[in-house]
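Heads up, the thing below is written out as structure tokens.
Starting from 1, each residue takes its place in the sequence as its number.
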Amino acid sequence: MKKTFLTLILAANAASSIMADTKTVTSPDGRLSVDINLNNGQLTYNVCYDGKEMLKPSRLGLNTDMGDYTQNLSITDTRNRTIDDTYSMRGTKASTVRYNANCIDIDLKADKSRGRIMTLTMQVSNNDIAYRYTFDEAKGSDNNAPRRVTILSEASSFRLPDVTTTFICPQIDGNNKGWMGTKPSYEEEYVADDKMDKPSRFGKGYTFPCLFRVGNDGWVLVSETGVGSNYCASHLSDFNSATGYTVAYPDPSENHGLGSTTPAMSLPGSTPWRTITVGTSLKPITETTVAYDVVEPLYEPSRQYKPGRYTWSWLIWQDNSMNYNDQVAFIDVASKMGFEYILVDALWDTQVGRERIAELSRYAQSKGVSLMLWYNSNGYANDAPQGPRNGMNTAISREREMAWMEKIGVKGIKVDFFGGDKQQTMQLYEDILSDANRHGIQVIFHGCTLPRGWERMYPNFVASEAVLASENVYFSEHHAKQEGFELTMHPFCRNTVAAMDWGGTIMNHYMSKDNKSRHRRYTSDTFEMAAAIMNQSSIQCICMQESNFSELQQFQLDFLRSVPTTWSETRFIDGYPTKYAVLARKSTEGKWYVSGLNGESTVRTLTLTLPEFAGKTVTLYQDMPLKKGETFLAPQKTTAKVDKAGRVKVTMQPLGGIIITE
């Protein structure tokens with residue numbers, strides 16, 4: 001009897017070893033590990049950091065019109081390799097990056113797929129995971145083999161431990177839930193420290209990136225990168241207790257209902273990268289460069305593009321400011337401040353006119369300033385009435401517009417109102433960028449999707465809005481009160497994976513042209529100045545008007561005149577999403593800036609560790625405590641002594657900020 005029982009155990013173990021196959025990839029420092037498991041024909045992975053589980057077993061695979069690669073899988077080959085790559089970028093959080101990762105390529109065959117292989121590539125660096133799927137081209141003499149593939153659905157999922165809380169933004173569809181058919185545009189409100197099982201606000205899941213706190217063990221940031229004309233953009237589904245969060249494709253209602261919700265590729269072809277950043281603290285979350293590490297430039301820059309600052313009348317003065325004289329006034333402000341650009345917003349085509357825009361461009365250039373012009377993306381994609389319309393939606397109209405802009409010296413465009421993540425819309429983004437590069441034009445997108453590796457893929461790409469941005473501070477008092485919450489969220493989520501055009505460091509105290517009426521700004525002047533460092537984009541809006549020259553102190557004007565917009569290095573110092581954030585950035589000129597924002601309505605005192613400033617006396621911008629009878633915090637420029645260990649104590653006033661420089 002004992003012999004029979006032992007035989008059964010051995011047989012069961014043998015069967016289990018046949019059914020299950022595990023491949024492990026670890027980071028170069030050995031702290032991050034990914035186990036990839038093939039069990040009963042299904043592929044899963046799980047993630048541990050310092051031996052603690054950060055992702056429970058989660059599904060992998062694609063279902064395609066060429067075969068179902070989510071089940072009945074078998075491994076045909078496995079290859080291990082290492083990656084050690086150094087690259088440079090313009091206009092991101094770090095100018096030079098060394099990417100070192102361990103990688104595995106797993107070839108997978110599915111039943112009824114005519115022998116076609118899908119390769120899973122999993123790359124693991126010290127705090128980042130990136131994976132994607134690749135189909136090779138048809139080989140051999142089978143002329144009937146498919147040379148294209150449509151992805152019907154994706155099984156890729158993210159199952160987080162039960163103790164996890166979420167910092168995520170709901171996805172919205174295009175079913176008339178937004179103004180004039182311009183949704184989704186990644187402009188919904190984040191919810192902090194929420195439960196995973198709470199349904200999303202619109203029932204459509206969550207936009208990338210998604211930030212999760214795994215109890216006391218650490219943080220996980222999930223996103224994607226490498227999306228161009230090759231694929232649709234994706235998002236996360238609502239939470240499911242069995243499967244966690246799953247990669248989801250666009251809603252049929254997006255892009256005015258036109259275009260496919262499923263992506264298709266010519267072969268050979270690869271999906272975008274799914275990315276996961278893991279750490280015991282927020283340091284790897286804020287410092288990650290994984291969005292750029294795994295992509296490549298798609299074309300060469302046609303010329304050297306110039307970073308800088310811009311003024312923008314529309315944010316406070318709105319549509320009525322789109323006239324020649326007001327734009328001259330803002331060009332003069334930019335010139336006085338030494339800013340490189342002015343953004344001329346919507347309606348310039350009818351309220352200024354093309355001939356006078358050319359005249360305005362000549363005037364701006366005489367003042368050392370260049371124009372950037374607003375365009376509607378539309379065609380049939382939205383009903384927004386603002387013009388110029390129908391100038392960016394076809395190759396013929398784009399060529400006409402961009403050739404004209406190059407001729408009159410325009411250096412940038414802001415294209416607005418995209419409303420969708422379908423592959424057809426991704427193609428439009430790429431076409432605009434590629435055509436603009438031919439004419440030496442930089443591009444900012446608004447009312448748009450999250451950029452996914454675009455700073456490296458497209459060298460003339462500057463930034464995207466893809467956030468509930470500064471215009472909402474103007475639109476409503478609610479959002480003015482929320483500015484601290486929002487701008488202490490984005491360094492850990494939206495802005496850490498891609499450049500963000502927040503739309504303006506606002507120096508008016510009131511949201512009006514006279515700076516006396518409508519609702520007030522609730523953040524301090526120092527908060528706004530520090531936000532110009534915290535919000536990362538190579539072309540930053542400093543929203544100033546002529547009256548600010550007499551309203552601001554000289555040290556404020558001097559700081560805003562010299563604030564850099566390109567960085568060689570970014571470091572996390574301290575913070576917690578939606579409460580406070582402190583980052584250090586080193587400018588490409590070699591000077592360190594520490595930016596701190598207090599997102600809450602209480603005083604926060606911190607002891608910061610700043611080794612670069614150890615033993616030095618530094619310049620400190622901060623806010624004075626509010627005195628009786630005062631409405632706004634008064635900014636102050638002073639000095640502080642950093643001890644030999646690099647420690648310095650600072651106080652941030654309610655919705656206030658700090659800046660530390662050498």
- [ ] For T277 and N127, test the side chains for any donor-to-acceptor distance below 3.5 angstrom and give the result as yes or no.
- [x] no
TODO: Verify side chain to side chain donor-acceptor pair (under 3.5 Å) between T449 and R452, making sure each step is shown before the conclusion.
DONE: CA-CA 9 Å; T449 194; R452 294 157 163 89; 2.8 Å; yes
Task: Donor + acceptor pair across side chains of T22, N37 (<3.5 Å) - done: yes
Task: Nearest heavy-atom neighbours spanning L236 and C210 - done: CD1-SG, 3.7 Å
Open item on the list: Does the structure place the NZ or CZ of R213 under 6.0 Å from the centre of the six-membered ring of F167, at an angle of no more than 45° from the ring's axis?
Closed with: no
Open item on the list: On a heavy-atom basis, which atom in H446 and which in F418 lie closest, and how many Å separate them?
Closed with: O-CD1, 3.8 Å
Task: Under 3.5 Å side-chain donor-acceptor pair for T496 and K93 - done: yes
TODO: Assess the side chains of N393 and Y375: does a donor N or O sit below 3.5 Å from an acceptor N or O?
DONE: no
Task: R59 versus T44, side-chain donor and acceptor atoms under 3.5 Å - done: no
Open item on the list: Using the ring-ring contact (aromatic ring centres under 6.0 Å, His included) definition, which of the options F492, Y576, F212 pairs with W219?
Closed with: Y576
Open item on the list: Minimum heavy-atom separation for E224 and T275, please, with both atom names.
Closed with: N-OG1, 3.8 Å
Task: Closest approach of V497 to P209 (non-hydrogen atoms, all atoms of both residues) - done: CG2-CG, 3.8 Å
Open item on the list: Whether the Q423 and Y231 side chains hold a donor-acceptor pair (N or O, under 3.5 Å, no angle test) is what I'd like checked.
Closed with: no
Open item on the list: Classify the ring geometry of W502 against H490: parallel below 30°, tilted from 30° to 60°, perpendicular beyond 60°.
Closed with: tilted
Open item on the list: Does this structure show an ion pair linking K183 with E254, if we count only N-O contacts that are shorter than 4.0 Å?
Closed with: no
- [ ] Please test T246 against S157 for side chain to side chain donor-acceptor pair (under 3.5 Å), starting from the C-alpha separation and ending with a verdict.
- [x] CA-CA 4 Å; T246 304; S157 68; 5.1 Å; no
Task: Presence of salt bridge, R98 and D85, under 4.0 angstrom - done: no
Task: Nearest heavy-atom neighbours spanning Y245 and D238 - done: CD2-C, 4.2 Å
Task: Polar side chain donor-acceptor pair, N376 to N382, under 3.5 angstrom - done: yes
Task: Pair Y249, D421: side-chain N/O donor-acceptor within cut-off below 3.5 Å - done: no
Open item on the list: If only side-chain N and O atoms count, and only distance matters, is there a donor-acceptor pair under 3.5 Å linking D111 with Y69?
Closed with: no
- [ ] State, to 0.1 Å, how close S33 and T26 come at their nearest heavy-atom pair, and which atoms those are.
- [x] CB-CG2, 3.8 Å
Open item on the list: Quiz question: by atom type and distance under 3.5 Å, do the side chains of E465 and Y186 form a donor-acceptor pair?
Closed with: no
TODO: Compute whether any side-chain donor of one residue and acceptor of the other, for N63 and T70, lie under 3.5 angstrom apart.
DONE: no
Open item on the list: When you compare the side chains of D68 and Q71, does any donor N or O come within less than 3.5 Å of an acceptor on the partner?
Closed with: yes
TODO: Ignoring hydrogens and angles, state whether a donor on the side chain of D107 or T119 is under 3.5 Å from an acceptor on the partner side chain.
DONE: yes
Open item on the list: Is the ring pair W454/Y429 parallel, tilted or perpendicular, if the boundaries are 30 and 60 degrees?
Closed with: tilted
Open item on the list: Can you confirm whether or not the ring centre of F485 sits under 6.0 Å from the ring centre of Y190?
Closed with: no
